[in-house]
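Remember, it's 1-based here, ligands and their atoms both numbered in the order they're listed. Just so it is clear, the structure is predicted and the values come from calculations on it, not from any experiment.
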Amino acid sequence: MEVKKFGVIGAGQMGNGIVQVAATSGLDVLMSDIKEEFTAKGFQTIEKNLNRSVEKGKINSSDRDAILSRISTTTDLQDMAGMDYVVEAAVEREDLKFQIFRDLDTFCPPHTILGTNTSSIPIGRIAAQTKRPEKVIGFHFMNPVPVMKLVEVIRGLATDDETFQTTWDLCFTFGKTPAEANDFPGFIANRILMPMINEAVFCLYQSVGKAEDIDTVMRLGMNHPMGPLALADLIGLDTCLAIMETLYDGFKDSKYRPCPLLRKYVEAGWLGRKTGKGFYQY
Ligand code: CAA
């Protein structure tokens, strides 16, 4: 299926990144969020990223202007009615995502594909909120979206081949490389990544090492571009906790229990870079 009009729900760090790559690839993109200040902040982030690319000579200023001119914003979800493809990148809360999918299913025409950037909520559970489960799919980008090459494409039980193929092809249009995963808690990326991060938090909790030393071990010993605690701060500790809870609930296996220290930080509002404090101070 040809996608001309592309909608993104959520203007936060994942949402505005997806908008940037989609608009850069030549699509007209509509970015929505619940408040105008959120869409304005998302748009400013994209502008800042593109300005940096102009300064580095990667694109010229007319490319930047053309990309920005393809982006429009709204706070009314009903405006998604004109889209061929909508991807939801709202915060990782099941009740919120369920409501968004019920609304999108009502507003969008039957041909519209509904993707979700969920990092771990089962696609089947989200799809069941709609009357078009065959058109619902996991479209999972990595943070920071403009930089990371991978997109995880997750088939729900009911996802049809056209929905899968359209999503798979869009990854290449966006200059990304897709990997196919099936619908199990955490899919592939977070099934592997999050227990590693959680174990790093346990190392801190049990005083096996200080945050800097834990991260140095993984950066220099395993050649990871950043240590697990710094990465947790980048992802957001609330998101990390939500993913661990999904793994724990989904498998009922104690190996996925979230570290109490992770929960304590989240309860204190220490969510990482976005709040200025997590395992490090920003
Ligand atoms: N937005 C846009 N561009 C960004 C960016 C951002 N937030 N952060 C960095 N960049 C760009 C920089 O501008 C720079 O671009 P150029 O190459 O054109 O100069 C490039 O990325 C490299 O940045 P830096 O030189 O500042 O820093 P770095 O080399 O240390 O790279 C990094 C930063 C890309 C974040 C790197 O440390 C990295 O790859 N870290 C691991 C990230 C990761 O694992 N992400 C996956 C998280 S899991 C996830 O997202 C899934 C989930 O469900 C939780």
Side-chain angles (χ1 to χ4, degrees), residues 10-24 41-60 63-64 67 87-93 97 115-123 138-154 174-179 181 183-198 200-201 215-216 218-220 222-247 250 258 262 266 271-274 278-280 282:
Q13 63 181 1
M14 298 306 284
N16 73 56
I18 300 170
V19 170
Q20 183 181 325
V21 295
T24 301
K41 195 165 169 230
F43 192 84
Q44 278 161 18
T45 302
I46 297 169
E47 214 171 6
K48 211 171 76 193
N49 285 343
L50 294 175
N51 283 338
R52 215 170 40 222
S53 296
V54 173
E55 280 158 27
K56 286 178 184 160
K58 292 191 164 176
I59 57 172
N60 59 42
D63 294 333
R64 175 201 56 203
I67 295 167
V87 60
E88 164 278 319
V91 290
E92 197 67 1
R93 253 181 48 205
K97 288 190 193 282
T116 171
N117 184 56
T118 180
S119 37
S120 63
I121 298 170
I123 306 306
F139 199 11
H140 183 213
F141 291 78
M142 303 294 127
N143 187 8
V145 179
V147 183
M148 305 303 283
K149 284 279 166 221
L150 176 76
V151 179
E152 213 177 6
V153 179
I154 307 111
F174 293 171
K176 305 289 185 195
T177 302
D183 192 14
F184 285 94
F187 319 130
I188 298 173
N190 283 315
R191 173 87 175 261
I192 298 171
L193 174 69
M194 235 12 107
M196 182 195 73
I197 287 178
N198 196 48
V201 185
D215 277 354
T216 300
M218 297 308 284
R219 266 191 313 106
L220 303 185
M222 284 75 193
N223 250 359
H224 289 195
M226 63 205 299
L229 300 174
L231 182 56
D233 278 355
L234 174 73
I235 293 168
L237 303 193
D238 51 342
T239 303
C240 293
L241 179 61
I243 295 168
M244 285 310 296
E245 301 277 24
T246 304
L247 289 171
L262 179 62
V266 173
L271 305 184
R273 285 195 195 193
K274 61 185 165 190
F279 295 111
Y280 298 94
Y282 298 90

Before you tell me yes or no, could you show the steps for Asn190 and Leu193 under side chain to side chain contact (heavy atoms under 4.5 Å, CB included), namely the whole-Å CA-CA distance, both residues' side-chain angles and the distance that decides it to 0.1 Å?
CA-CA 5 Å; Asn190 283 315; Leu193 174 69; 4.0 Å; yes
With distance as the sole test, does [X] use its side chain to make a donor-acceptor pair with the main-chain N or O of [Y] at under 3.5 Å?
X	Y	result
Asp63	Asn60	yes
Glu245	Pro258	no
Asn143	Met14	no
Asn117	Gly15	no
Asp233	Phe279	yes
Asp183	Pro122	no

Taking only non-hydrogen atoms of His140, do any sit less than 4.0 angstrom from ligand 1?
yes
Going by heavy atoms, is Thr239 under 4.0 Å from ligand 1?
no
Which ligand 1 atoms, with their elements, are less than 4.0 angstrom from a heavy-atom of [X]?
X	result
Met148	39 (O), 42 (C), 43 (C), 45 (N)
Met226	37 (O), 40 (N), 41 (C)
Arg52	2 (C), 3 (N), 4 (C), 13 (O)
Asn49	1 (N), 2 (C)
Leu193	48 (S)
Lys58	16 (P), 17 (O), 18 (O)

For [atom], closest protein heavy-atom neighbour:
atom	value
atom 7 (N) of ligand 1	Pro144 CB, 3.4 Å
atom 13 (O) of ligand 1	Lys56 NZ, 3.2 Å
atom 50 (O) of ligand 1	Asn143 N, 2.8 Å
atom 10 (N) of ligand 1	Val147 CG2, 3.4 Å
atom 51 (C) of ligand 1	Met142 SD, 3.5 Å

Among Cys240, Gly236, Gly17, Pro225, which one has a heavy atom closest to atom 36 (C) of ligand 1?
Pro225
Indicate whether [atom] is within a distance of less than 4.0 angstrom of some protein heavy atom.
atom	answer
atom 29 (O) of ligand 1	no
atom 3 (N) of ligand 1	yes
atom 22 (C) of ligand 1	no
atom 33 (C) of ligand 1	no
atom 45 (N) of ligand 1	yes

Begin from the C-alpha positions of Asn16 and Phe43 and carry the test side chain to side chain contact (heavy atoms under 4.5 Å, CB included) through to its verdict.
CA-CA 7 Å; Asn16 73 56; Phe43 192 84; over 6 Å; no
Using side chain to side chain contact (heavy atoms under 4.5 Å, CB included), reason through Val87 and Thr116 one step at a time and then give a plain yes or no.
CA-CA 5 Å; Val87 60; Thr116 171; 6.0 Å; no
Which atom pair, heavy atoms only, marks the closest approach of [X] to [Y]?
X	Y	answer
Pro144	Leu234	CD-CD2, 4.3 Å
Gly250	Pro185	CA-CG, 3.9 Å
Gly278	Leu237	CA-CD1, 4.2 Å

Are Lys97 and Glu92 close enough, and set up right, to give a salt bridge (Lys or Arg N to Asp or Glu O under 4.0 Å), and what steps lead you there?
CA-CA 8 Å; Lys97 288 190 193 282; Glu92 197 67 1; 3.5 Å; yes
Counting only heavy atoms, which portion of Gln13 has something under 4.0 Å from ligand 1: side chain, backbone, both, or neither?
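For Gln13, no heavy atom sits under 4.0 Å from ligand 1.
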Please classify the Asn190 to ligand 1 contact at 4.0 Å (heavy-atom distances, strictly less than): side chain, backbone, both or neither.
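The part of Asn190 near ligand 1 is the side chain, not the backbone.
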